[in-house]
Engineer: 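Please see the structure below; I have some questions.
Here the structure is a predicted model, which is why all the values come from computation and not from measurement. Below, all heavy atoms of this structure are taken into account, side chains as well, without hydrogens, waters or symmetry copies. Here is the naming used below: chain letters follow the sequence lines, and residue numbers restart at 1 for every chain.
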Protein chains: 2
Amino acid sequence: MSESKAKGTKDARKVPMRDFSQSLPMALLRAREAVMRQFRPNLRAHGLTEQQWRILRALAAVDAIEVTELARVAFLLGPSLSRILRDLEARGLIARETDARDLRRGVLSISTKGLKLIAQVAPNSEAIYASIARRYGARKLAALHKMLDELEQSIGTDGETDVDADE
Amino acid sequence: MSESKAKGTKDARKVPMRDFSQSLPMALLRAREAVMRQFRPNLRAHGLTEQQWRILRALAAVDAIEVTELARVAFLLGPSLSRILRDLEARGLIARETDARDLRRGVLSISTKGLKLIAQVAPNSEAIYASIARRYGARKLAALHKMLDELEQSIGTDGETDVDADE
DNA sequence: GCCAGAAACTTAACATGTTAATCAACTGCC
DNA sequence: GGCAGTTGATTAACATGTTAAGTTTCTGGC
């Protein structure tokens, strides 16, 4: 019933490697997609993408913030951020000015219009999150967060994981 | 020293919502990125993207497979898959033919050249994975996999999570 | 055996991810 | 005080994510 539809499934393996079922990136991707599938419709209904929403939330949490720092906080690469900021500014959801001490730096802040939009989206978004927490278990969710953080730490710390390195 | 550089950080919150630190999608994204950052250089050195690698791996594990089934297995959307298959076929890494019984269906398989490429990439890739498993802990990694699967299950099962739904 | 509707892909259009290159502004050093 | 090197940010170019529309082929009912 749930067997693969591929022909010759039985021992058709041609290379010595883990199966997808043991792929960590895949597992993380699948889990994330399952979560995001819950949020996207709500965001889309308000004309927002996931990344735009991340930026608005980050801006709403502070008075003002520089572009580079925002990229770090919202976990976006510079080029993506540049494009999105251009759009959000054009839509009047954010405001930007230049740092007087360092003309290279851009300083961003959310607009009143942006805050209103957040107020419209947040409730439903929070409810969806609560639903996930309820179904998965709040305690378990906290444990998952902890394990993900630790994974990030154990990887980020040191090691290039370069096989040919002496170490 | 490590405090936020944003001005007025203290209680600058303007909206009632969770902080990013409690965002599940962000946590999953960060963890995944930390992992992928380890693999990407190796793949890129062989002219492969993450998704192209997923497809080759999936094809190497079977004799032949249909496009739709491959999309499911490699967790890619149809449009992305179409583009990637076009490129991989042009590079001679895969072969495709049409199902004689149903001319709509495309049947894919990996080529000898594709298998050779996998053989070149896989060892290093496996070593990187082993390094992650060693640093994070094999037992813990297995537990994380389990929790991610359960998260996916608890979300995927039923519920639209629509706040306005009666349920 | 024909035709409406479904199914399997593919194309299209727009947004983001990713790396490299560019550009303007700043910093340190001589 | 001027220039090499660095930094903050954007632009460029290509690949994928995402949703909608289009194409070809099947399938079922008449």
Engineer: State whether the number of non-hydrogen atoms from other residues, nucleotides or ligands found under 6.0 Å of A/K116 atom NZ is greater than 12.
Structural biologist: no

Engineer: Which parts of nucleotides 21-26 of chain D does protein reach within less than 4.0 Å, heavy atoms only, written one letter per nucleotide 5' to 3' as B for base, S for sugar-phosphate only and - for none?
Structural biologist: ----BS

Engineer: In whole Å, I'd like the distance from the CD atom of B/E69 to the P atom of C/dC9.
Structural biologist: 10 Å

Engineer: Under a 4.0 Å threshold between the charged nitrogen and the carboxylate oxygen, would A/R104 count as salt-bridged to A/E66?
Structural biologist: no

Engineer: Heavy-atom distance under 4.5 Å between the side chains of A/I94 and A/S111, does that happen here?
Structural biologist: no

Engineer: Are side-chain heavy atoms of B/R91 and B/L48 found at a separation under 4.5 Å?
Structural biologist: yes

Engineer: Give me, pair by pair, the N or O atoms of the protein and of nucleotides 15-19 of chain D that are less than 3.5 Å apart, along with how far apart they are.
Structural biologist:
| from | atom 1 | to | atom 2 | distance (Å) |
| --- | --- | --- | --- | --- |
| D/dT16 | OP1 | B/T49 | OG1 | 3.2 |
| D/dT16 | O3' | B/Q51 | NE2 | 2.9 |
| D/dG17 | OP2 | B/S80 | OG | 2.7 |
| D/dG17 | N7 | B/R83 | NH2 | 2.8 |
| D/dG17 | O6 | B/R83 | NH1 | 3.1 |
| D/dT18 | OP1 | A/R40 | NH1 | 3.1 |
| D/dT18 | OP1 | A/R40 | NH2 | 3.3 |

Engineer: State, with a plain yes or no, whether a side-chain heavy atom of A/E152 is found less than 4.5 Å away from one of B/E33.
Structural biologist: no

Engineer: Students often get this wrong, so: under 4.0 angstrom with heavy atoms, is B/R37 touching a base, only sugar-phosphate, or nothing?
Structural biologist: nothing

Engineer: In whole angstrom, give the distance that lies between atom CG of B/L70 and atom C1' of C/dA8.
Structural biologist: 14 Å

Engineer: Within the 4.5 Å heavy-atom criterion, are A/Q51 and A/L76 side-chain neighbours or not?
Structural biologist: yes

Engineer: Looking only at heavy atoms, what is the nearest atom pair of A/A34 and B/I155, with distance?
Structural biologist: O-CG2, 3.5 Å

Engineer: Less than 4.0 angstrom from a charged side-chain N to a carboxylate O is my criterion; do B/D149 and B/K146 meet it?
Structural biologist: no

Engineer: Nearest-Å distance, CZ (B/R105) to P (C/dA6)?
Structural biologist: 17 Å

